[in-house]
Asker: 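One structure follows; several queries about it will come next.
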Amino acid sequence: MGKLFGTDGVRGVVGFDLTPEFALRLGRAIGGFFGRGSRVLVGRDVRAGGDIVAGALVAGLLSEGVKVYYAGLTPTPAIQYVVKNEFYDGGVMITASHNPPEYNGVKVIAGDGIEVPREDEVKIEELYFKGHGSSLEWRSLAEPPEGVTGVVEKYVKAIVDQVDVDSIAKRGFKVVVDCANSVTALTTPLLLRKLNVRVVSINCHLDPLFPGREPEPRPDTLVDAATLVVSSRADLGVGHDGDGDRAILIDDMGRIHWGDRSGALLAAYASTKWKSFPRRVYTGVSSSVVVEDYLKPYGVEVVWTPVGSVTIARMMKSEGGAIAGFEENGGYMHVPHQYVRDGAMKLALFLEVMSSYGVKSSSLFSKLPEYHTIKTKVKASREEALCAIELLKERFSGFRMVTIDGVKVFGGDFWVLVRPSGTEPVIRIMGEASRKERIEEVVAEVKNIISLCLRGGGL
Ligand code: MG
């Protein structure tokens, strides 16, 4: 059976593999999954082809007898929040998130606001490949899609209600916002205004061609925003992805911080404020052990999960909740708000941490230990990767290990993660140590062990 869904939704290049025909057929499959009479909220980000995909997909949903509500341009977490809190049975978000500009895609959201679990993706894939299509009598196809307004406003209000507005407002912060030319331009500046924050915006005009930068917020794509933080003497900077579920933070010194570091700071604070939530956080194995080191004194346990936000959200929910879930890529789930990544919520919470402790953003990040990091990859088939992982488990058998997604070794003065990529034929290697030479030595040994499994021989 074919596969349509990747780590988070269906993705394709508009006009190449993401055609109107594809979107129509996918819409019928999703409609078949939700069922006749179900109520589905649809939104989209700014990406090129979004109207084409939305039009075709909505036609597919309608032809299955689904009642469609169309919210238009909105961030993914806004759709998720409204689906969870209102009468909807599910949602569809048309976005390719952080992918390069030529991509678009579809995220399918369950009634609880979280993307559907893997088993439901399989059900949709089965319907798609079967060529599912109901033949409904004309009378049952009389309902037009209904335009929905107010999604953005409800979402922003929900975030404002989660934080200590007075304490943030008193500080009169200045924040640089990089909206990646997409839908967070509709929400983050509005949210900040309600928190009495002065906004300096960059890439906050909507533009499907993404002229400012790639939609993925990373140290190399946020250089302009970081420069602006320093030159405008801002207290903080934030870079979103294309659909607003990620936020990468920039401190007042212009340093760009990965999401596992900001996640650790936020979760520690949240554990002191939201005391009724289980004292644990969920994060992907690709997060640094800095998370464990930092959260231990707060009595917060770290649950390592396979990589992927849907897995994190679904595990947290089914295992009885947590304080937070987060990812190295900037996704942060503030559980009291919703079980999904939310870039604007993350930003508002970070401002509360700064105002509550009365410190600069750079001082907060300076609390975290600095490690030398290596991220690299080796070309390998899935079989070769699995062989290498077995050998690595033997080699490091005396050490503490997590083996849910590749192998992560906790070596005391280093950690290293080796896992097969979910999207390309490579083995990913990530590791950190306080001494540069130490992590170089460990990664060199890991590469030697991997080479024993490569049929082409050696690296
Ligand atoms: Mg995203």
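Predicted model, so just to flag it, every value in this text is computed and none were measured. Order of listing sets the numbers, starting from 1, for every ligand and every atom in it. Counting begins at 1 with the first residue of the sequence.
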Asker: I need the OD1(Asp243)-the Mg ion (ligand 1)-OD1(Asp245) angle, rounded to 10 degrees.
Answerer: 90°
Asker: Out of Gln338, Arg341, Met345, which one pairs with Pro77 under the side chain to side chain contact (heavy atoms under 4.5 Å, CB included) rule?
Answerer: Gln338
Asker: For the pair Glu216 and Arg246, find out whether any cationic side-chain nitrogen is under 4.0 Å from an anionic carboxylate oxygen.
Answerer: yes
Asker: Between Ser97 and the Mg ion (ligand 1), is there a contact where an N/O/S atom of the residue lies under 2.8 Å from the metal?
Answerer: yes
Asker: Tyr357 and Tyr269: aromatic ring centres closer than 6.0 Å?
Answerer: yes
Asker: Taking the six-membered ring of Tyr298, is NZ or CZ of Arg279 closer than 6.0 Å to its centre and within 45° of its axis?
Answerer: no
Asker: Of all N, O or S atoms in Asp241, identify the one at the shortest distance from the Mg ion (ligand 1).
Answerer: OD2
